[in-house]
Amino acid sequence: MEKAVEIPIDLAQKCVKCGLCKSVCPTYSVNQEEGSFARGRLALAQMVIEGEMPLTNEVAKQWDECAMCRRCEWICPNDVHYKEILVYAKHMQKEELGADIVKSAGLKSLELMQTKAGRKLVKLAGRIMSLLPMDEIKTPFPTGAVKFMPKPTSKAFGLRGKVFKAEEEKAKLLFFTGCMIDAFYGKTGENVVKLLNRAGYTVVVPEDIRCCGAPHYYSGNTEAFERLKDHNLKEMQKYDYDAIVVACPTCGGALQEDYGINKKVYDFTELLQDKRLRFAGKGESITFHVPCHSYSAMKVKDEVFYSVMNSVENAQLKKAQKDKSCCGFAGLFSITNPKMSDQIQKEKIEDLASTGANIVLSTCPGCVLNLKDGSIKHKTGQEVMHLADYLAERLVDEV
C-alpha cells in the first residue's frame, strides 16, 4: 500500500480550528470562503474520511483549488500534517470520482518526457524552437489559462550521466536535476555545477533519473509516485555520493520527506557559504522571491539565500515586503485554476515591482517561469533569473 492510504484520522484531528492558516493561504485571499484555506479543507477531508458526508464534486473542487504551497504547515502551531491529509483526500477523490483529464494529461507528460523517446523529442523541439527570436512563447491551454512558456533547450538532459570533478574535493554530491532544468533551463543546471565545483564539490548527475513524483503525489496519484520513487532510488543507488543537491525545492522536499533516503538533501545555495567565492555585481538592484517549498518542505532558512546575495559586491539588495508569499504557479494549479492563479500572481508581481529592483531572483525553476510570465503580462520591465544563473554570471575568476 502507498504511504498516503495509511494516514490515520488523528492527523486531521490535530487541527484545533484556530484559523491562523487563513492569514497565509494564497487561495483564501482570492475566494474569501471557509473552504478556501486549510481549516475548511481539513474539515471536509475529516468528514468524508469518517463517513459523515459523501465525496462530491463540490468537495473535490475545494481540494483541487489548493496550491499545496504548504504555508499553512509553516505557520501551524499544532504541527498539523496538511500535505499528508490532502494527499490522502485527493487519492480518495481519484479513486471514487475519477481523475481530472487535464491534470492526468499533465502528470503523464512528465513521465513520458523522461522516457528515451520523450528525451529525444524534447531535444528536437529545442533545436527547432531555437530558431525563434523570443525566449518565451505565449501558450494557451484548454482550461483557459494562457502562459508565456520557456522554449525547450536544445541541450535538454545534457548533464545526464556525467561527473564534474572539483579541483580540491570537499565532498561528492548527487545532483537531482529535476524536469524543468532538464527540459527548459539546462543553462541553470550547468551553472549549479559551475558554482558547486568552485566551492569544492564534485558533482555526479545520474543517467536515468525520472520526475521526482512530487506533482503526482500532491495530486493524489500515489501509484505513479511510488513507481517513480522506486525507479529513482534504484538509479541513485548506482552512484557513490555523500549528499544530494537540488536547484528545485519541490524536488528537494520530495527527496527529503518522502523517499526515505539516509543522505542529507541540500538546496545548492546552502553549499555556497564559502569565503573563497567572490561575486561582482554590475551596479544592479536585486530582490528575491522565497519559494514556498524551500521553507515549508525543505526547511531552508531565508538567511541562507539573503547571506549569499548580500555577498555580491556592487549590487543592492532590496527585500520585498511579501518575499515569502506564493507566486501562484504550483505546477498544474496554475493551469487548472487560471483565474485564481492569475490573481495570486498579480499580487506577487506588484509587490516585487514596488521594490524598484532591476532583477528578480528565485531558486525554483517553476517560480522563475511564473514570475517571468507575470513580468511580461504586467509589463514591469524586471528581469527574472534563477539565483544560480545570476551568481554564475557574476562569479569572479580565481587569481
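- Remark: Glu111 engages Arg227 in a salt bridge, criterion side-chain N to carboxylate O under 4.0 Å.
- For residues 171-195, every residue pair satisfying the salt bridge (charged side-chain N to carboxylate O under 4.0 Å, His left out) rule, not counting sequence neighbours, is listed here: Arg160-Asp182, Lys172-Asp240, Lys187-Glu190.
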Would Trp63 and Leu55 count as a side-chain contact (heavy atoms from CB on, under 4.5 Å) here? Give the steps.
CA-CA 11 Å; Trp63 295 339; Leu55 176 51; 3.5 Å; yes
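- Remark: Glu257 engages Arg70 in a salt bridge, criterion side-chain N to carboxylate O under 4.0 Å.
- Heavy atoms from other residues, nucleotides or ligands lying under 6.0 Å from NZ of Lys138 number 12 at most.
- A cation-pi arrangement is present between Lys319 and Tyr306 under the rule of less than 6.0 angstrom and at most 45 degrees off the ring axis.
- Electrostatic pairing of Glu313 and Arg278 counts as a salt bridge here, judged by a charged N lying under 4.0 Å from a carboxylate O.
- Classification of Lys238 and Glu207 as a salt-bridged pair fails, no side-chain N sitting under 4.0 Å from a carboxylate O.
- Salt bridge annotation for Lys348-Asp323: absent, with no cationic side-chain nitrogen under 4.0 angstrom from a carboxylate oxygen.
- Comment: Glu350 does not engage Lys322 in a salt bridge, judged by the lack of any side-chain N to carboxylate O separation of less than 4.0 angstrom.
- At a threshold of 4.0 Å, the pair Lys229-Asp258 does not count as salt-bridged, since none of the basic side-chain nitrogens sits closer than that to a carboxylate oxygen.
- If you look at Tyr217 and His91, their ring centroids are not closer than 6.0 Å.
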